Amino acid sequence: MRISQLFYQTMKEVPREAQVPSHQLMFRAGMIQQLASGIYNYTPLAKKSLSKIETIIREELEKKGCQEVLLPVVQPSELWEKSGRWGYYGPELLRLKDRKDNDFCLGPTHEEVITDMVSKVLKSYKQLPWNLFQIQTKFRDEVRPRFGLMRGREFTMKDGYSFDVDEEASKVMYWKMYDAYTAIFKRCGLSFRAVDAATGNIGGDMSHEFQVLAQSGEDLILSCDSCDYAANAEKAVTPRSAQELTEEGMEQTEDVHTPACRTIEEIADYLKRPASDFIKSIIYVVDEEPVLVLIRGDLDINESKLQTALSANGVFLADDALVQEVSGAGTGFAGPVGLKKQVKIVADYSVTEGKNMVSGANKDDYHKVNVNYGRDYKADVLGDLSFAQPGDKCPKCEGKLEDHRGIEVGQVFYLGTKYSEPMECNYLDRDGKSHPAVMGCYGIGVGRTMAAAIEQNHDEDGMIWPAAIAPYEAVILPLQMNKDEVVAAGEDLYTSLRDAGMDVALDDREERAGFKFKDADLLGYPLQIVIGARSLEAGEVELKIRKTGEKKNIPLAEVKSFVENFLKEEKSAD
RNA sequence: CGGGAUAUAGCCUAGUGGCUAAGGCGCCUGCUUUGGGAGCAGGAAAUCGCAGGUUCGAGUCCUGCUAUCCCGACCA
């Protein structure tokens with residue numbers, strides 16, 4: 001590409017809105033423009049990088065026997081009603097109507113459509129397995145889009161879905177995809193970790209996230225300092241377990257007056273006891289049923305674990321009216337003993353760890369002291385509902401968990417028959433018996449991967465692209481555009497590198513040297529090939545490796561092989 | 001959805017109720033310059049987010065709306 005013809009513009013300043021490095025730098029480099037909140041235009045530089053990521057994805061998936069399809073963005077509500085998600089997907093699902101007043105949505109994901117598609121073709125076990133993927137636009141009406149491409153509303157995603165005869169075959173497929181993802185992100189030149197993850201709304205019971213390690217990451221990851229255990233903090237297992245309490249030392253419960261003490265902090269302060277002496281009692285609505293959730297006062301309820309523990313489709317905080325109805329008191333005074341309305345009680349292991357705890361008394365302005373698990377109340381479900389903390393013991397070994405920030409660029413799920421059953425995606429086995437296909441699903445955020453690469457690889461001068469996904473692998477910078485021999489050397493080199501199959505740019509603009517250097521640093525070409533009058537007299541050009549800042553003079557005749565070797569090495573997956 | 005903030009030229013910003021809304025970046029013309037975002041001269045570019053209101057007078061004050069960002073809640 002001749003930069004003089006490239007559609008782009010670089011800038012020295014960034015808008016106040018851009019907060020994270022990838023957003024700021026992509027803006028300054030003219031790669032993206034914001035069209036609306038969470039919705040962006042991608043200019044040629046961005047599109048080139050995206051395409052390279054997509055190519056890597058396609059190559060690695062095809063190696064595993066995956067086949068590419070293309071499914072609609074606009075999807076009829078019927079499919080979503082069939083899977084049950086039309087009801088509980090919530091406002092993130094952008095719904096619209098056509099001229100005939102029929103309901104549609106913009107696809108935030110494609111389980112429904114693909115399962116429907118496959119069900120029309122699937123007849124026999126002989127056809128399986130299938131693994132289908134697409135690279136396509138998704139729309140999710142995020143409550144709070146932010147950080148440029150990191151959390152947009154409209155974005156490009158590779159989503160894949162596998163169909164197998166049984167759980168065993170599906171799990172083999174799962175690990176095959178795990179390997180493919182590992183290969184993909186390695187080839188993209190990213191430093192990442194695969195971590196145990198929660199499955200959330202999408203369902204299923206096994207999942208890994210591929211997290212690019214970067215300071216600006218939105219996710220908290222906990223990993224063991226001595227074994228290979230790593231998990232998203234919302235999934236990471238805590239060292240707690242259910243304790244058997246003896247009655248020894250348990251004292252009589254008693255209601256105490258605690259006016260206007262609604263939060264743990266207020267009541268702890270008022271009674272002069274540590275937060276860990278309290279039982280935090282929060283009423284949730286779980287699949288339309290009120291549930292009382294208990295946890296020790298110094299811990300927080302992990303809604304993701306709660307949802308999993310109850311095999312629920314969704315968990316939401318109850319509103320004040322429901323709190324009143326269940327507990328008989330205003331918010332802040334609920335407790336497990338003496339509820340006005342008996343509801344299911346779910347408790348974290350932590351409430352079994354102490355005696356004579358304090359909870360709400362289900363009476364306005366009163367708390368109950370000396371509440372003991374087992375004697376005074378029991379939970380219908382007792383489990384691990386808290387967040388693991390850095391420093392906690394590793395659930396797999398004797399090591400300690402340490403924390404990292406991560407950007408989730410991919411996730412793999414084992415789904416089971418969550419979609420194939422309601423959507424009647426069935427096959428006949430050897431004996432003529434019908435079974436739902438066993439599914440897995442696998443996603444990669446393409447734009448987010450690009451943004452994550454920048455988050456992980458930049459300095460104060462600009463981006464530092466991994467060679468495999470750089471918009472251009474190298475740039476040729478003829479410095480004195482008024483000197484014919486400099487211009488000619490640039491043109492020759494440009495032609496020769498391009499003929500050798502390299503993706504290079506030629507900065508043929510009538511600009512001063514400093515200007516070109518600044519632009520080249522900002523755009524982050526892995527390699528800058530500088531052609532200046534001085535070194536050219538000696539038959540040499542100067543190469544600058546963007547990543548290390550290293551500069552070396554090389555005879556013109558050797559440039560091609562040097563660049564070739566450099567790029568080959570940079571793009572190799574280690 | 002709660003809290004906070006912002007909206008002035010393509011971009012970044014200044015602008016105390018009062019004259020023709022100011023500067024930088026970028027853009028155009030000419031000269032000059034050519035190894036780290038040069039210099040000089042000239043020029044184009046603004047419905048001050050939208051709608052009301054207060055006022056002799058509003059970019060500036062008030063109300064409503066919209067959009068955007070930040071923190072939190074939320075988030076395959």
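Here the structure is a predicted model, which is why all the values come from computation and not from measurement. A, B, ... follow the sequence lines: proteins, then strands. Residue 1 opens every chain.
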Practice task
Look at the side chain of A:Gln480 against the base of B:G35 and say whether a donor-acceptor pair falls under 3.5 Å; ignore hydrogens and angles.
Solution key: yes
Exercise for the section: May I ask which nucleotide in the shown strands pairs with B:C1, Watson-Crick or G-U wobble, both distances under 3.5 Å? Expected result: B:G72
Problem - Length of the line joining A:Arg509:CZ and B:G37:P, which is rounded to integer Å - result: 14 Å
Handout entry: Whole-Å P distance, B:U33 and B:A38
Key = 16 Å
Exercise for the section: Verify the ring-centre separation between A:Trp175 and A:His208: is it less than 6.0 angstrom? Expected result: yes
Exercise for the section: Pick the C1' atom in B:C48 and in B:U8, then give their distance to the nearest Å. Expected result: 4 Å
Fill in the blank from the handout: A:Ile301 CD1 to B:C74 P, in whole Å, measures 11 Å
Exercise for the section: Determine the contact category for A:Thr10: base if any of its heavy atoms lies under 4.0 Å from a base atom, sugar-phosphate if only primed atoms, P, OP1 or OP2 are that close, otherwise nothing. Expected result: base
Practice task
Would you tell me whether A:Asp219 and A:Gln211 have side-chain atoms, one donor and one acceptor, within less than 3.5 Å of each other?
Solution key: yes
Practice task
For A:Tyr442, answer base if it contacts any base atom (sugar-phosphate contacts may also be present), sugar-phosphate if it contacts only those atoms, and nothing otherwise; contact means non-hydrogen atoms under 4.0 Å.
Solution key: nothing
Practice task
Establish, from distance only, whether the side-chain atoms of A:Glu303 and A:Tyr284 form a donor-acceptor pair under 3.5 Å.
Solution key: yes
Handout entry: Carboxylate-amine/guanidinium proximity below 4.0 Å for A:Asp521 and A:Lys544
Key = yes
Fill in the blank from the handout: Regarding the side chain of A:Phe517, the nearest nucleotide among B:C11, B:G35, B:C25 is B:G35
Exercise for the section: Round to the nearest Å and state the distance from A:Ile39 atom CD1 to B:C69 atom C1'. Expected result: 16 Å
Handout entry: Residue A:Ala513, side-chain atoms from C-beta onward, closest of B:C75, B:G37, B:G35
Key = B:G35
Handout entry: B:G24 base / A:Glu13 side chain donor-acceptor hit below 3.5 Å
Key = yes
Problem - Cation-pi check, A:Arg95 onto A:Trp86 ring (under 6.0 Å, within 45° of axis) - result: yes
Practice task
Provide, to the nearest angstrom, the distance between the CG atom belonging to A:Leu543 and the C1' atom belonging to B:G35.
Solution key: 16 Å
Practice task
Check the distance between B:C74's P and A:Asp141's CG and give it to me in whole angstrom.
Solution key: 18 Å
Exercise for the section: Could you measure between the two P atoms, the one in B:C62 and the one in B:A58, and give it in whole Å? Expected result: 15 Å
Exercise for the section: With heavy atoms under 4.0 Å as the rule, sort A:Glu542 into base, sugar-phosphate or nothing. Expected result: base
Handout entry: Nearest-angstrom distance, P atom, B:C69 to B:C12
Key = 13 Å
Handout entry: Same-atom distance (P) from B:U6 to B:G43, integer angstrom
Key = 36 Å
Exercise for the section: Kindly point out which of B:C11, B:G36, B:G37 is positioned nearest to the side chain of A:Lys544? Expected result: B:G36
Handout entry: Check: A:Arg146 side chain, B:C69 base, donor-acceptor under 3.5 Å
Key = no
Exercise for the section: Give the rounded distance in Å between these two atoms: CD of A:Glu510 and C1' of B:G37. Expected result: 17 Å
Completion exercise
Using Watson-Crick geometry (N1-N3 plus N6-O4 or O6-N4) or G-U wobble (N1-O2, O6-N3), each under 3.5 Å, B:C61 is paired with B:G53
Exercise for the section: Tell me the partner of B:A44, counting only Watson-Crick (N1-N3 plus N6-O4 or O6-N4) or G-U wobble (N1-O2 and O6-N3) with both under 3.5 Å; none if nothing fits. Expected result: none
Problem - Base of B:G37 and ring of A:Phe515 stacked, centres under 5.5 Å, planes under 30° - result: no
Problem - Under-4.0 Å side-chain N/O to phosphate OP1/OP2 contact, A:Arg512 with B:A38 - result: yes
Fill in the blank from the handout: Any strand, both distances under 3.5 Å, Watson-Crick or G-U wobble: B:A67 pairs with B:U6
Handout entry: Rounded interatomic separation in angstrom, taking CD from A:Gln24 and C1' from B:C70
Key = 13 Å
Problem - 5′-ward residue of the pair A:Gly148/A:Arg534 relative to RNA chain B - result: A:Arg534
Practice task
Could you measure between the two C1' atoms, the one in B:A21 and the one in B:A14, and give it in whole Å?
Solution key: 10 Å
Handout entry: Under-3.5 Å donor-acceptor pair between A:Arg28 side chain and B:G37 base
Key = yes
Exercise for the section: Verify whether the ring centers belonging to A:Tyr89 and A:Trp80 lie closer than 6.0 Å. Expected result: yes
Problem - is_close_aromatic(A:Phe413, A:Tyr174), centroid dist under 6.0 Å - result: no
Practice task
Check the angle between the aromatic planes of A:Tyr40 and A:His23 and answer parallel, tilted or perpendicular using the 30° and 60° thresholds.
Solution key: perpendicular
Handout entry: Distance-only donor-acceptor check, side chains A:Ser162 and A:Tyr442, under 3.5 Å
Key = yes
Practice task
Would you classify A:Pro15 as touching base, sugar-phosphate or nothing, given that sugar-phosphate means primed atoms plus P, OP1 and OP2, and contacts are heavy atoms under 4.0 Å?
Solution key: sugar-phosphate
Practice task
Examine B:C69: is either OP1 or OP2 under 4.0 Å from a nitrogen or oxygen in the side chain of A:Gln34? Give yes or no.
Solution key: yes
Problem - Gap between atoms CG and P, on A:Asn482 and B:C31 respectively (whole Å) - result: 15 Å
Completion exercise
Against the side chain of A:Gln19, the closest entry in B:C11, B:C25, B:C69 is B:C69
Exercise for the section: Answer with base, sugar-phosphate or nothing: what part of the nucleic acid does A:Asp159 contact at a heavy-atom distance below 4.0 Å? Expected result: nothing
Completion exercise
Assert: residue with more 5' nearest nucleotide on RNA chain B, out of A:Gly532 and A:Lys138, is A:Gly532
Completion exercise
In Watson-Crick or G-U wobble terms, with both distances under 3.5 Å, the base opposite B:G36 is none
Handout entry: Residue A:Val143, side-chain heavy atoms: nucleotide from B:G36, B:C75, B:A73 that is nearest
Key = B:A73
Practice task
Examine B:A67: is either OP1 or OP2 under 4.0 Å from a nitrogen or oxygen in the side chain of A:Ser37? Give yes or no.
Solution key: no
Practice task
Considering only atom C1', compute the distance from B:U55 to B:U63 and round it to an integer number of Å.
Solution key: 16 Å
Exercise for the section: Output the single nucleotide from B:A73, B:G35, B:G37 whose closest atom is nearest the side chain of A:Arg144. Expected result: B:A73
Problem - Closest listed nucleotide, where the reference is the side chain of A:Ala36 and the choices are B:G35, B:U68, B:C11 - result: B:U68
Exercise for the section: For nucleotides B:G24 and B:A9, find the distance between their P atoms and express it as a whole number of Å. Expected result: 16 Å
Handout entry: Sugar-phosphate, base or nothing in reach of A:Gly443, heavy atoms under 4.0 Å
Key = nothing
